[in-house]
*Asks:* 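I have a structure here, written as structure tokens, and I will follow up with some questions on it.
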Amino acid sequence: MTHVPAHWRQQGLASWYGTGRQLGHATASGEMFDPGALTAAHRQLPLGSRIMVHSRRTGRSVVVRINDRGPYHGARIIDLSLEAVRQLGMLGMGTTLVDLRPMRDDEEEVASMPR
């Protein structure tokens, strides 16, 4: 995929990574892995894409930037950084069901709480 069509959507399991093994290692984009950044790994989305991740379990949403490839374990569709997991309220959960959609260039990057 060279760009993300505006109508693209995906739903499935999200997991998170950054328990120490990735610290100090380069991501697929070439930048160093930072668990405090709002980033994620996806198998196909273009590196640099901004994606809205909405947790069906917590009702929270966060915008992440794709800077790595994966996950390559099970049926997971996205691996989130520790900070993205914190903002989604996923700490303590191994995986959770999420909806993904691309962000338009004019949309703000803010996390949301459930209403």
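Just so you know, residue 1 is the first one in the sequence shown, and it goes up from there. Note: hydrogens, waters and symmetry copies are ignored here, and every other heavy atom, side chains too, is used.
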*Asks:* Let me confirm one number: the OG-CE distance from Ser55 to Met90, rounded to the nearest 0.5 Å.
*Replies:* 6.5 Å
*Asks:* Can you give me the closest heavy-atom contact between Val64 and Ala40, atom names plus distance?
*Replies:* CG2-CB, 3.8 Å
*Asks:* When you check the gap from the basic side-chain N to the acidic O, do Asp99 and Arg56 get nearer than 4.0 Å?
*Replies:* yes
*Asks:* If you look at every heavy atom in His54 and Ser61, which pair is closest and at what distance?
*Replies:* ND1-OG, 2.7 Å
*Asks:* With clusters defined by side-chain heavy atoms of hydrophobic residues (ILVMFWY) lying less than 4.5 Å apart, directly or transitively, does Ile51 cluster with Leu13?
*Replies:* no
*Asks:* Keeping Thr27 on the side-chain end and Asp68 on the backbone end, is there a donor-acceptor pair under 3.5 Å?
*Replies:* no
*Asks:* Transitively linked via ILVMFWY side-chain contacts under 4.5 Å: Ile77 with Trp8?
*Replies:* yes
*Asks:* Would you say the side-chain atoms of Arg60 pair up with the backbone N or O of Arg57, donor to acceptor, closer than 3.5 Å?
*Replies:* no
*Asks:* Determine, using the 4.5 Å side-chain heavy-atom cutoff (strictly less than), whether Leu91 and Leu97 are members of one ILVMFWY cluster.
*Replies:* no
*Asks:* Run the side chain to side chain donor-acceptor pair (under 3.5 Å) check on Glu83 and Ser81 step by step: do they pass?
*Replies:* CA-CA 5 Å; Glu83 183 57 28; Ser81 67; over 6 Å; no
*Asks:* Which heavy atom of Pro102 sits nearest a heavy atom of Pro5, and at what distance?
*Replies:* CG-O, 3.5 Å
*Asks:* Between Phe33 and Tyr17, what is the ring plane arrangement, given parallel below 30°, perpendicular above 60°, and tilted in between?
*Replies:* tilted
*Asks:* Is the shortest side-chain heavy-atom distance between Leu80 and Thr39 below 4.5 Å?
*Replies:* no
*Asks:* Can you find a heavy atom in the side chain of Gln87 that is under 4.5 Å from one in the side chain of Leu38?
*Replies:* yes
*Asks:* Please say which of Gln44, His42, Arg101 ends up in a side chain to side chain donor-acceptor pair (under 3.5 Å) with Gln10.
*Replies:* His42
*Asks:* Heavy-atom count around Arg69 CZ within 6.0 Å, excluding the residue itself: above 12?
*Replies:* yes
*Asks:* Please confirm whether the backbone N or O of Leu88 pairs with a side-chain atom of Thr58, one donor and one acceptor, at under 3.5 Å?
*Replies:* yes
*Asks:* Consider side chain to side chain contact (heavy atoms under 4.5 Å, CB included). Of Thr96, Asp79, Leu82, which one does Trp16 pass it with?
*Replies:* Leu82
*Asks:* Does the side chain of Met52 reach to within under 4.5 Å of the side chain of Leu100, using non-hydrogen atoms?
*Replies:* no
*Asks:* Rounded to the nearest 0.5 Å, what's the gap from CE on Met32 to CG on Asn67? Could you check?
*Replies:* 11.5 Å
*Asks:* Look at the side chain of Arg50 and the backbone N and O of Val63, then say whether any donor-acceptor pair between them is shorter than 3.5 Å.
*Replies:* no
